[in-house]
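For reference, the structure is listed below as structure tokens.
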Amino acid sequence: MRMTRLLANTLRENPAEAEVVSHQLLVRGGYIRRVASGIYNLLPLMWRVTRKVEAIIRDEMDQSGAQELMMPILQPADLWEESGRLKDYGKELMRLTDRHDRACILAPTHEEVITTIARNELQSYRSLPVNLYQIQNKYRDEIRPRFGLLRGREFLMKDAYSFHASESCLDKEYDVMTQAYINIFNRCGMETVMVRSDSGAIGGSVSHEFMVLTRIAEGEQESGENEVYFCEDTNCGYAANGDRAEALLPPSEARPAYEGKATIVDTPGATSIELMQQKFKMHPELILKSLIYMADGEKPVMVLIRGDLEVEETKLKNVMNANEIWMATPEELKELSGSAKGFIGPVDLPDSIPILADESIRELKDFYVAINEIDKHMVNANWGSDVPMPQTFTDLKLARIGDICPECKSGKLQMTRGIEVGNIFKLGTKYSEVMNAKFASENGEDKPFIMGCYGIGVTRTAAAAVERYHDKFGIIWPMAIAPYHAVIIPVNTQVPEQMALAQQLYDQFTKAGIEVVMDDRDERAGVKFKDADLIGFPIRITAGKKAGEGFLECKMRDQKESKDIPVADVLAWAQQQMQEWRPFQEATREKTDADKVTSA
RNA sequence: CGGGAUGUGGCGCAGCUUGGUAGCGCACCUGCUUUGGGAGCAGGGGGCCGCAGGUUCGAAUCCUGUCAUCCCGACCA
């Protein structure tokens with residue numbers, strides 16, 4: 001490809017709307033252009049990257065025995081009615097009506113359709129297991145699309161669905177997919193960490209996410225959207241998404257500030273944990289924090305947790321089996337308890353408000369607690385005698401850096417940010433049951449399919465690579481997914497030796513199957529170098545001063561130095577570089593603690 | 001949806017307070033000079049100032065409405 005023919009207009013300045021590096025660099029490098037909020041044109045360069053990621057995915061999926069197919073994006077709403085998700089998916093589901101006023105949706109995922117395929121095509125256990133996948137656009141009407149390709153309303157996704165006659169068979173496939181995913185991301189040049197996750201709207205019991213770990217250079221916006229907690233002990237290897245991470249608390253050293261039996265004291269204006277600590281010397285670890293949350297149908301619930309801890313709302317949502325929860329507003333608080341923020345407590349609480357207790361409060365002794373009376377707290381309270389002991393305890397807290405690992409029970413937890421590029425679920429019979437998708441088992445009985453599903457954000461993976469590999473000059477593509485392997489730059493198109501040499505090499509490369517762009521623009525050298533760095537070609541070959549003597553200047557994007565190599569040897573050099581190319585060789589970031597996480 | 005902000009050639013912005021018919025940089029086109037890290041000079045093209053209404057002799061500027069975009073929260077590959 002000649003640069004003069006390539007549709008890739010680079011920009012000097014960052015577009016105002018781009019906040020994260022991948023978005024900025026992809027726009028500046030001429031890879032993508034916005035069409036509407038969360039909707040992008042993938043220009044030729046971007047499409048090449050995308051196709052490379054796809055090719056790797058196809059290869060690994062096919063090798064692991066999955067079959068590719070294609071399902072419709074436009075689907076009848078009836079199907080979603082059947083699975084119950086027309087309601088559950090909420091506003092994120094893109095809805096439309098056709099000319100006959102029939103309700104339709106644009107698919108955000110394909111469990112419904114694939115389940116009908118299984119229902120119609122798979123009659124017997126003999127045809128199981130089956131794993132079917134597709135690579136196709138998905139539509140999610142995100143409340144707030146952002147970060148360019150990292151979170152669009154339309155995005156390319158690989159989604160696979162497996163069907164099994166038994167749990168153990170699903171378990172096996174889950175492992176096969178896990179390995180395939182590790183291979184895929186490794187081949188894309190990225191380390192990933194596999195973490196336990198919340199299964200969200202897709203549903204199911206067990207699920208894991210694949211995270212590309214990001215570390216953001218100084219002055220750059222944090223772009224890893226997910227917090228990943230992991231055990232500092234690499235032998236342990238525990239890692240989990242922040243919304244699911246469990247943690248054990250380090251032993252508390254807190255001592256009560258009051259003596260004697262439980263009493264009620266005046267605490268004027270103590271509306272927050274912080275104020276209780278500052279004004280009344282109450283140690284947060286001894287405060288029983290009481291919060292009122294409202295769930296879906298405005299069902300209130302009181303959450304009890306230790307004063308120094310935060311509630312992880314995703315955990316709470318799961319426990320309550322709710323779609324939406326929020327902290328009660330001052331008005332709601334008044335109506336429910338007659339009290340106000342800071343003074344809500346489990347003592348003398350109306351029976352209509354159920355209590356959910358976090359594990360952290362189980363062992364509390366001589367604690368401080370609000371009693372639904374303004375400007376008053378009870379001190380030295382204890383379970384049973386002063387406050388009724390909650391019936392059950394669950395894990396509702398947000399893990400913290402420095403907490404104890406729940407797995408090995410000795411290591412401390414660390415946190416890093418990650419971009420979720422893949423997700424695998426054990427769905428079980430969630431969809432097959434409601435959609436009546438059954439097969440004949442060995443003894444002739446009808447049984448619902450046991451299902452798994454496995455997704456990869458294709459465009460997101462590409463963007464994550466940019467997020468992970470870049471410097472202040474531009475993108476540093478991993479060889480495997482770079483739009484082109486190499487760029488050849490004749491420094492001055494007016495100098496015949498340079499052009500001749502560049503052309504000679506270009507032909508050689510092309511013949512050898514190396515994807516190469518010849519920068520034949522009549523631009524100054526500086527412009528070409530800047531653009532080459534910005535676009536991120538892994539290999540750069542310059543025909544310059546020494547062209548007359550038959551030397552070319554060869555440089556890798558991720559390395560500083562260049563070498564002068566005689567024309568005759570350049571092809572071999574390039575081929576060697578391509579073969580030997582490994583990510584992280586000239587790391588674009590220092591090793592962080594995150595790197596110690598067992599690579600998934 | 002709640003909170004905050006912004007809409008002016010392809011991109012980045014100024015002008016708006018104090019109304020007088022639109023400007024700068026980049027990009028683009030032509031010419032000359034230049035030619036190893038985003039060149040210089042000269043010339044040129046392109047914008048119903050987001051949209052609709054109103055106030056006014058006159059609106060990018062003031063008022064009302066509306067739409068869109070972006071940032072912070074809940075959602076997610």
Side-chain angles (χ1 to χ4, degrees), chain A residues 9-20 23-24 27-28 30 33-39 57 88-93 108-110 135-160 181 197-202 207 209-212 221 225-226 241 243 313-314 316-317 322-327 329 419-425 453-464 473-474 489-495 498 521-534 540 542-547 553 562:
Chain A
N9 294 319
T10 54
L11 307 177
R12 267 187 214 212
E13 286 164 296
N14 280 329
E17 65 192 28
E19 285 288 316
V20 298
H23 190 189
Q24 290 171 343
V27 172
R28 281 189 53 207
R33 292 290 184 259
R34 196 179 67 88
V35 174
S37 174
I39 300 175
I57 292 174
D88 292 351
Y89 223 97
K91 292 196 177 140
E92 215 174 300
L93 191 60
T109 167
H110 281 72
I135 297 178
Q136 185 215 50
N137 276 340
K138 295 279 179 285
Y139 296 82
R140 293 187 190 172
D141 200 355
E142 297 282 348
I143 296 162
R144 186 148 91 85
R146 60 183 148 170
F147 303 152
L149 256 31
L150 287 175
R151 173 184 300 262
R153 289 146 90 201
E154 178 185 84
F155 59 96
L156 241 199
M157 177 168 159
K158 187 281 307 182
D159 48 327
Y181 273 38
S197 67
D198 177 67
S199 19
I202 313 278
S207 72
E209 286 167 354
F210 287 79
M211 300 275 195
V212 172
Q221 165 115 5
E225 289 193 84
N226 299 276
N241 196 332
D243 60 15
E313 298 193 352
T314 305
L316 179 60
K317 230 190 275 190
N323 281 322
E324 229 186 329
I325 56 169
W326 63 91
M327 291 254 256
T329 61
I419 298 170
E420 180 188 346
V421 287
N423 205 328
I424 57 179
F425 299 86
C453 85
Y454 320 89
I456 291 180
V458 180
T459 32
R460 182 183 273 187
T461 299
F473 300 111
I489 301 179
V491 166
N492 188 335
T493 49
Q494 313 292 316
V495 180
Q498 290 183 9
R521 292 176 301 171
D522 185 16
E523 287 285 357
R524 314 187 101 230
V527 174
K528 296 187 189 183
F529 290 143
K530 288 283 184 197
D531 279 347
D533 287 348
L534 177 59
R540 186 183 86 189
T542 309
K545 289 189 195 108
K546 296 194 183 156
E553 203 176 288
S562 65

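If you're wondering where the values come from, they're calculated on a predicted model, not measured in any experiment. Order of the sequence lines fixes the chain letters, A, B, ..., with proteins taken first and strands second; residue numbering starts at 1 for each chain.
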Worksheet item: Under 5.5 Å between ring centres and under 30° between planes: true for A:F155 and the base of B:A77?
Response: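 Whether judged by distance or by angle, A:F155 passes, so it stacks on the base of B:A77.
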Worksheet item: Charged N to carboxylate O below 4.0 Å: is that the case for A:R151 and A:E142?
Response: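 The answer is yes: the pair qualifies as a salt bridge.
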Discussion item. Measuring only between side-chain heavy atoms, which start at C-beta, is A:M157 closer than 4.5 Å to A:R140?
Written reply: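 Yes, at least one pair of side-chain atoms sits under 4.5 Å.
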Worksheet item: Of all the nucleotides listed (B:G38, B:C76, B:C72), which has the minimum atom distance to the side chain of A:K530?
Response: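 So the nucleotide nearest the side chain must be B:G38.
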When rounded to the nearest Å, what value does the distance between [atom1] atoms of [N] and [M] take?
N	M	atom1	value
B:A52	B:C67	C1'	10 Å
B:G3	B:U66	P	15 Å
B:G15	B:C1	P	32 Å
B:G9	B:A60	P	14 Å

Mind checking [X] for me? I need base, sugar-phosphate or nothing, with any heavy atom below 4.0 Å counting as a touch.
X	answer
A:E17	sugar-phosphate
A:G455	nothing
A:V491	base
A:R153	nothing
A:K528	nothing
A:G152	base
A:D531	base
A:T461	nothing

Discussion item. Please compare A:Q494 and A:T10 by the position of their nearest nucleotide in RNA chain B and report the one closer to 5'.
Written reply: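 Mapping each residue to its closest nucleotide by heavy atoms, the 5'-most match is A:Q494.
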Worksheet item: Relative to the 5' end of RNA chain B, which residue comes earlier, A:R524 or A:K545, by the nucleotide with the nearest heavy atom?
Response: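 Residue closer to the 5' terminus by nearest nucleotide: A:K545.
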Taking a pair as Watson-Crick or G-U wobble with both distances under 3.5 Å, which nucleotide is matched to [N]?
N	answer
B:G47	none
B:C41	B:G31
B:C24	B:G12

Practice prompt. In whole angstrom, give the distance that lies between atom CD of A:E523 and atom P of B:A27.
Written response: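 Distance, rounded to whole Å: 8 Å.
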Worksheet item: To the nearest angstrom, how far is A:E154 atom CD from B:C76 atom C1'?
Response: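 Result: 16 Å.
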Discussion item. With rounding to the nearest 0.5 angstrom, report the NE2 to CZ distance, A:H23 to A:R28.
Written reply: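 With rounding to 0.5 Å, NE2 (A:H23) is 13.0 Å from CZ (A:R28).
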Worksheet item: Is a donor-acceptor pair below 3.5 Å formed from side chain A:R151 to base B:C76, judging by atom type as modelled?
Response: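 Donor-acceptor pair under 3.5 Å: yes.
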Discussion item. On the side chain of A:R460, is there an atom forming a donor-acceptor pair with the base of B:C76 - under 3.5 Å, no angle test?
Written reply: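 For A:R460, whose side chain was compared with the base of B:C76, there is a donor-acceptor pair (under 3.5 Å).
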Fill in: Side chain A:Q498, main chain A:N492, donor-acceptor under 3.5 Å
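Looks like yes, one N/O pair under 3.5 Å.
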Worksheet item: ring pair (Phe, Tyr, Trp, His ring centres under 6.0 Å) with A:H110: which residues, sequence neighbours excluded?
Response: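 Ring pair (Phe, Tyr, Trp, His ring centres under 6.0 Å) check on A:H110 returns nothing, list empty.
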Would you name the heavy atoms of [X] and [Y] that are closest together and state the gap between them?
X	Y	answer
A:I39	A:R153	CD1-NH1, 4.0 Å
A:A160	A:K158	CB-NZ, 3.6 Å
A:Y181	A:Y454	OH-C, 2.9 Å

Discussion item. How would you summarise protein contacts on nucleotides 4-11 of chain B per nucleotide, using B for base, S for sugar-phosphate only and - for none, with heavy-atom distances below 4.0 Å?
Written reply: --------
